Amino acid sequence: MKKYKVGIIGCTGMVGQRFALLLHDHPWFEVTALAASARSAGKTYKEAVGSRWMMEEPMPANVAELPVMDAADVADVAAKADFVFCAVNMPKAEIKALEEAYACAECPVVSNNSAHRFTHDVPMVIPEINDDHLQVIAAQRRRLGTKKGFISVKSNCSLQSYVPALYPLSAFGLSKALVCTYQAISGAGKTFETWPEMVDNVIPYIGGEEEKSEQEPLKIWGQVVGDKIVPASSPSFTAQCLRVPVSNGHFAAVYCSFDKKPSKEDILKAWRDFSGEPQRLELPSAPKQFLHYFEEDNMPQTRLHRGLEGGMAVCLGRLREDTQYDYKFVGLSHNTLRGAAGGAVLLAELLCAKGYMD
C-alpha cells in the first residue's frame, strides 16, 4: 500500500486532536496539511492549540511544528493532500459548502460532520456494515463534475453503541428497537475542566441527537438505487439521549423485537460470527473481533472496556428476554475513537483499499 498524504480540517478541536494522534505513525497515512479557522492560520499546531490540548497522550512531534492553514484556502490545502479528514465546528450550511469545495478541488473528504449525512449521493458508512454504499460515489462525482473528488461521511457517534449489534440480527426480521443512550461529555467536545457543570450531573437532552439516532440507522440499512441511497422503511427506531458524567464512551440500553423471535444462542452466535470488509481486508485500524459479548452481569463497563481493541471494538452484555420487547441488552463504544476519528480513519482505509482515493 502506498503512503497517502492527508490533511486534517478542523485540526484544533477535540476530534481534530484525536485525528492527529491516530495518524501518528499510521502505516498508510502521513499528515501533510493542517487547517482550521483564520484565527489559527499562520501559527504552528502547537501554538494554535496552546493550552487546549485535550488528549491524555502528548501532542505528536510530527505535527506540533506543522503550520496551520486557513481551512477556507481550499486550493492551497488541497494541493498538499491526497485527501482530507474534516471535523470543523461551523454552521451546517457552511460545512456543506466547505466540504463540497474540497471535493470539487479534486480532494476527497472523509467527514466526521453531520452536514452531508442525508445528502442522497453521499455514503454514510459503518465499514463493517454497509461498504456497498460506496458505489454511489460514482453518481456523486457525476453530479459534482469531478474525477477524483467526493464526500463520504461516518454516522453519528452514538450509533456505534447499538447499530453494529442490531444489524446482524436483521436475518431474524428485526422489526423495532427502542434505544436509550448515555453519552460522554467528550461527545460535546468537552472535558470536566471545561464543563464543571457536568460533574455529578445528568442532562436529559442533547440537541438533535434523538432525531439522528432514529433516522441515520435507516440510511445505513438502505440500498443504492440509481444515483442515490434510498433509506430503509424498517426497522423502526425510537430513541432517548442523555448526557452523563463520563469522559469518554457512549453507552446504550437497547430493546428489540423480531418478526421471527430468535433464541438467545442464535443472537450470541450472530454477534460472535459477524465481521465485514475491514476484517477481511485486514485494515490497519480494524478490530480483530468487532463485537465482544461479556457474560458477566456487571459488564461491559465504560472505564474498563471503552478502549478494547484500540477503542475500535463494540462491547455488548446483559442479553435477556424482556416483558414488552423480545430482548434487551446493553452496548458500549468509544465515542471519539470508533464513534468519531477512529471510525473515519477506518473508513478512509477502506476507501484506499477499494481504490477510491487514487
Side-chain angles (χ1 to χ4, degrees), residues 117-118 123-134 153-183 209-225 229-241 250-280 287 289-295 300 313-333 335 338-339 343:
R117 285 183 191 155
F118 284 95
M124 179 175 65
V125 175
I126 296 176
E128 285 88 350
I129 293 177
N130 61 328
D131 65 286
D132 59 309
H133 285 194
L134 296 179
V153 299
K154 52 158 293 300
S155 61
N156 190 43
C157 54
S158 65
L159 265 64
Q160 318 303 316
S161 59
Y162 62 94
V163 167
L166 290 172
Y167 190 82
L169 308 184
S170 300
F172 307 117
L174 177 67
S175 59
K176 62 179 180 177
L178 181 153
V179 180
C180 295
T181 58
Y182 305 87
Q183 300 184 206
E209 201 75 5
E210 287 158 1
E211 294 81 358
K212 295 173 188 175
S213 300
E214 294 171 356
Q215 296 167 13
E216 289 186 18
L218 295 176
K219 183 172 181 180
I220 292 167
W221 250 269
Q223 293 183 327
V224 177
V225 179
I229 298 167
V230 177
S233 57
S234 64
S236 62
F237 286 87
T238 184
Q240 186 153 260
C241 302
H250 286 354
F251 223 101
V254 186
Y255 303 77
C256 53
S257 288
F258 302 88
D259 296 330
K260 182 181 179 182
K261 184 179 177 180
S263 68
K264 180 177 178 179
E265 290 70 27
D266 289 336
I267 294 175
L268 292 177
K269 184 177 188 304
W271 286 345
R272 185 171 57 250
D273 294 346
F274 185 63
S275 64
E277 280 293 275
Q279 287 73 36
R280 186 184 71 82
Q289 180 69 38
F290 183 29
L291 305 177
H292 287 253
Y293 184 78
F294 290 80
E295 296 286 350
V314 176
C315 301
L316 306 171
R318 302 207 68 209
L319 175 65
R320 61 217 191 275
E321 293 193 47
D322 183 59
T323 57
Q324 304 296 317
Y325 287 73
D326 286 337
Y327 285 97
K328 54 190 172 186
F329 63 91
V330 297
L332 167 69
S333 64
N335 56 296
R338 167 56 77 163

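Here the structure is a predicted model, which means the values were calculated and not measured.
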To the closest 0.5 Å, what do you measure between [atom1] ([X]) and [atom2] ([Y])?
X: His250; Y: Cys241; atom1: NE2; atom2: SG; value: 9.0 Å
X: Tyr325; Y: Ser175; atom1: OH; atom2: OG; value: 9.0 Å
X: Lys212; Y: Asn156; atom1: NZ; atom2: CG; value: 5.0 Å
X: Lys154; Y: Arg338; atom1: NZ; atom2: CZ; value: 10.0 Å
X: Met124; Y: Ile129; atom1: CE; atom2: CD1; value: 10.5 Å

Practice task
Have a look at Ser155 and tell me which of Gln160, Lys219, Arg117, Glu216 forms a side-chain hydrogen bond (donor to acceptor under 3.5 Å, both in side chains) with it.
Solution key: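 The passing option is Gln160.
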Practice task
Compare all side-chain heavy atoms of Pro262 with those of Ile267 and state whether any distance is below 4.5 angstrom.
Solution key: yes
Handout entry: Close side-chain approach of Leu332 to Val314, heavy-atom, < 4.5 Å
Key =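 The answer is no, as the side chains (C-beta and beyond) never meet within the 4.5 Å cut-off.
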Of all heavy-atom pairs between [X] and [Y], which one has the smallest distance, and what is that distance?
X: Pro300; Y: Phe251; result: O-CZ, 3.4 Å
X: His133; Y: Pro123; result: O-CB, 3.6 Å
X: Gly331; Y: Leu316; result: CA-CD2, 3.9 Å
X: Pro217; Y: Val163; result: CG-CG2, 3.9 Å

Exercise for the section: Using only heavy-atom distances, determine whether the side chains of Gln240 and Thr181 contain a donor-acceptor pair under 3.5 Å. Expected result: no
Exercise for the section: Classify the side-chain pair Asn335/Gln183 by whether it contains a donor and acceptor separated by less than 3.5 Å. Expected result: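 Note: Asn335 and Gln183 side chains miss the donor-acceptor criterion.
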Practice task
With side-chain hydrogen bond (donor to acceptor under 3.5 Å, both in side chains) as the test, would you mind laying out the steps for Trp221 and Ser234 before giving the verdict?
Solution key: CA-CA 8 Å; Trp221 250 269; Ser234 64; over 6 Å; no
N/O donor-acceptor pair under 3.5 Å between [X] side chain and [Y] backbone:
X: Tyr182; Y: Ala253; result: no
X: Glu128; Y: Ser275; result: no
X: Gln289; Y: Leu291; result: yes
X: Ser257; Y: Lys176; result: no
X: Asn130; Y: Asp132; result: no
X: Gln279; Y: Pro287; result: yes
X: Tyr327; Y: Tyr255; result: no
X: Asp326; Y: Phe258; result: yes

Handout entry: Within 6.0 Å of NZ in Lys269, more than 12 heavy atoms from elsewhere
Key =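 No, the 6.0 Å shell around NZ holds no more than 12 heavy atoms from other groups.
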Exercise for the section: Give a yes or no on whether the ring-centroid distance for Tyr167 and Trp271 is below 6.0 angstrom. Expected result: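 Here the rings of Trp271 and Tyr167 have centres that are no less than 6.0 Å from each other.
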Problem - Whether Phe237 and Tyr162 hold their rings parallel, tilted or perpendicular, with breakpoints at 30° and 60° - result: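 Taking Tyr162 first and then Phe237, their aromatic rings sit tilted (interplane angle of 30° to 60°).
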Problem - Residues that Phe172 engages under ring pair (Phe, Tyr, Trp, His ring centres under 6.0 Å), provided they are two or more places apart - result: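 Result, ring pair (Phe, Tyr, Trp, His ring centres under 6.0 Å) vs Phe172: none returned.
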Problem - Salt bridge Lys261-Glu321, side-chain N to carboxylate O under 4.0 Å - result: yes
Problem - SB check Glu277 Arg280 (cutoff 4.0 Å) - result: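 Looking at Arg280 together with Glu277, the answer is yes, because their closest N to O distance falls below 4.0 Å.
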